[in-house]
Novice: 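First the structure, which I've put down as structure tokens, then a few questions once you've had a look.
Both counts, for ligands and for their atoms, begin at 1 and track the order of listing. Below, all heavy atoms of this structure are taken into account, side chains as well, without hydrogens, waters or symmetry copies.
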Amino acid sequence: MKAIELIKELNEGAITPERTCDTVKAGNPERELSRVAVSMFATVDIVRRVKEWGADMLIVHEPTYYDHMEVINVETDVIAAKRALIEESGIVIYRYHDNMHFREVDAIAEGELHYLGLTGKLEKTQYSASGLFVSDTPVSALDLAERMKKDLGIAHPRIAGARDAKGTRIATCFGTPRGVMELLQSKDIDIVLTGEVCEWKIAEYARDAAALGMNKSLIVMGHIGSERDGMRLLTERMKKKYSSFETRYFECGEVYTYND
Ligand SMILES: [Fe+2]
Ligand SMILES: [Fe+2]
């Protein structure tokens, strides 16, 4: 199978927006596949590791060159050196972002909820890439943060607002989608999960809401921690579906390191 053929199959069932970031970022899409790597980011470390493994293709969720549409106005030293590394590797890099999110069931949210071990119903909200998950069993923000640590490997999930109050209506704003503040303000929502937020605005709102006795909390998972499990689930599905090439997930790790 060629990279371009795999891309076509991956996009079946997706509602691709008119202007999409899901394009081939490097390499020749006509390349035949024997090894396909999957990761959240094509970090320098990931490019080196997948090259060593012998990958023909790398599927990532996020931009390679620090801009959503990869519009590069200034070829900085970092961009030039990274581009040289990628070009030298010959690996086909494909960004699989919009077509993960924009489908009947958001495939990133599906992966996060799957590995968190939560059962319930995922509905769409009016905001792009965010959903409303109604959990079968009530959970607290603290319960969820503990699961995130244990099952998603997030070193430090951060809770703003109510820690112990249980709720079932959870907004899934994985990554950094629009509508986080609006969903937090909604009377219907108990807990908002997201990747990263503006602290002075959104996290402080959650803190005050809880201090005023409202059952409201926000969990900031870190961008990678909030989305990578969608890519993990994709890898498992590809392994089952394709036998003509090997598929392997590569962990890029969280962007921050800690002193503990
Ligand atoms: Fe995303
Ligand atoms: Fe993202």
Novice: Looking at His97, is its backbone amide N or carbonyl O close enough to the side chain of Asp22 to form a donor-acceptor pair, meaning the two atoms are under 3.5 Å apart?
Specialist: yes
Novice: Of all the atoms in His61, is at least one N, O or S atom closer to the Fe ion (ligand 2) than 2.8 Å?
Specialist: no
Novice: Please answer whether the main-chain N or O of Thr64 pairs with a side-chain N or O of Glu70 as donor and acceptor at a distance below 3.5 Å.
Specialist: yes
Novice: So which of the N, O or S atoms of Glu227 lies nearest the Fe ion (ligand 2)?
Specialist: OE1
Novice: Would you say Arg95's side chain and Ile59's backbone share a donor-acceptor pair under 3.5 angstrom?
Specialist: no
Novice: Give the atom name of whichever N/O/S atom in Glu62 sits closest to the Fe ion (ligand 2).
Specialist: OE2
Novice: Counting the benzene-type ring for Trp, do His61 and His223 have ring centres under 6.0 Å apart?
Specialist: no
